[in-house]
Amino acid sequence: MALFLSACAAPEGGPPKATDAQINALAASITALRDDIDPAEAARAARIAYDYPLELAKQYGITDTPLAHNRKVNRGDRPRGLCWHWAEDLQAKLNSEGFRTLEVHRAIANGLNPILISHSTALISAKGDDMYDAIVLDPWRFGGKLFWSKTLEDKRYDWYPRLEILSERRRRRLAYEGEL
């Protein structure tokens with residue numbers, strides 16, 4: 001039983017630091033999104049996408065799996081660490097860079113499904129492209145260790161624009177409350 005429980009815990013000291021090869025692979029994928037992306041911006045975004053979640057994991061006090069940490073946040077034992085916290089903080093950090101050729105988006109999966117838990121993330125695309133031509137940057141999924149893929153290639157989640165999901169949730173709530 002102890003072995004099983006230890007397998008579900010986050011590694012001591014938090015998630016491992018990314019290798020240069022991992023960061024370079026993400027930078028190359030960002031650069032490949034469109035010909036006019038500045039490779040230096042892509043490299044900077046990739047480094048932030050890998051390194052900043054490690055800082056957040058420490059700030060959030062991540063010591064176990066994402067769902068276990070969510071319970072701690074929901075009980076009030078930790079101040080942050082829900083998926084939307086990771087997405088919000090990563091988006092703010094990337095936006096603070098003032099990229100000229102890149103744009104950060106937010107997306108939600110399972111946002112209208114009453115059975116599944118909704119999940120939020122940040123995405124990065126070429127300036128002016130939409131989130132479906134972007135790369136998912138999901139640090140929550142593995143507790144601070146970055147998961148990334150092209151939006152439409154993410155095998156675990158179907159992503160939708162955050163504002164569309166929030167608008168539909170509001171519309172449904174108002175309809176339920178009889179205010180529509």
Side-chain angles (χ1 to χ4, degrees), residues 10-63 65-66 69 78-111 118-166:
E12 186 137 340
K17 188 165 174 46
T19 65
D20 286 339
Q22 290 171 308
I23 294 168
N24 292 340
L26 176 55
S29 290
I30 294 170
T31 302
L33 288 172
R34 211 169 65 198
D35 291 342
D36 60 346
I37 292 177
D38 178 349
E41 284 190 358
R44 201 163 77 240
R47 169 117 3 236
I48 291 166
Y50 268 106
D51 289 349
Y52 190 58
L54 300 178
E55 292 178 36
L56 294 175
K58 289 177 187 168
Q59 290 175 24
Y60 297 164
I62 303 294
T63 57
T65 65
H69 188 82
R78 294 284 197 279
R80 291 179 70 77
L82 301 177
C83 61
W84 67 268
H85 294 138
W86 291 94
E88 179 178 76
D89 291 346
L90 182 56
Q91 179 184 27
K93 180 70 169 174
L94 289 166
N95 281 339
S96 75
E97 292 295 308
F99 295 125
R100 292 176 305 96
T101 65
L102 298 172
E103 187 170 343
V104 183
H105 308 268
R106 289 279 295 283
I108 298 177
N110 304 326
S118 68
H119 180 39
S120 296
T121 199
L123 306 94
I124 196 158
S125 73
K127 188 74 126 192
D129 282 356
D130 68 26
M131 60 159 273
Y132 296 107
D133 295 318
I135 293 175
V136 170
L137 302 173
D138 185 358
W140 175 87
R141 196 176 303 197
F142 299 117
K145 180 179 183 251
L146 184 70
F147 166 87
W148 64 271
S149 78
K150 289 188 174 180
T151 305
L152 298 176
E153 294 174 7
D154 188 341
K155 299 196 183 325
R156 186 165 176 187
Y157 293 105
D158 292 324
W159 297 104
Y160 296 92
R162 177 177 175 261
L163 293 179
E164 286 180 21
I165 296 297
L166 296 179

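Side-chain contact between D154 and D138 is absent, with no heavy-atom pair separated by less than 4.5 Å. Between L94 and L137, some side-chain heavy-atom pair lies under the 4.5 Å cut-off. Two residues are said to be in side-chain contact when any heavy atoms from C-beta on lie closer than 4.5 Å; L56 and P139 fail this criterion. Contact of the L166 side chain with the I108 side chain is registered, since non-hydrogen atoms from C-beta on lie closer than 4.5 Å. Counting heavy atoms from C-beta on, the side chains of P161 and Y132 come closer than 4.5 Å. I37 has its side chain within reach of L102: a pair of non-hydrogen atoms, C-beta onward, lies under 4.5 Å apart. Using a 4.5 Å cut-off on side-chain heavy atoms (C-beta onward), H69 and W140 make no contact.
The side-chain contact (heavy atoms from CB on, under 4.5 Å) test applied to E103 returns H105, S125, K127, not counting sequence neighbours.
Put simply, the residue from R162, R106, R80 that forms a salt bridge (charged side-chain N to carboxylate O under 4.0 Å, His left out) with E88 is R80.
Residue D35 places its CG atom among 12 or fewer non-hydrogen atoms of other residues, nucleotides or ligands, all under 6.0 Å distant. Crowding of N95 atom CG: a count of heavy atoms from other residues, nucleotides or ligands under 6.0 Å exceeding 12.
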Given I23 and L26, is the side chain to side chain contact (heavy atoms under 4.5 Å, CB included) satisfied, shown in steps? CA-CA 5 Å; I23 294 168; L26 176 55; 6.0 Å; no

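For an aromatic pair to be called close, the ring centres must be under 6.0 Å apart, and H119 with W159 satisfies this.
Remark: I30 CD1 to R44 CZ distance equals 11.5 Å, nearest 0.5 Å.
For the 3.5 Å distance criterion, the side chains of W148 and Y50 qualify, holding a donor opposite an acceptor.
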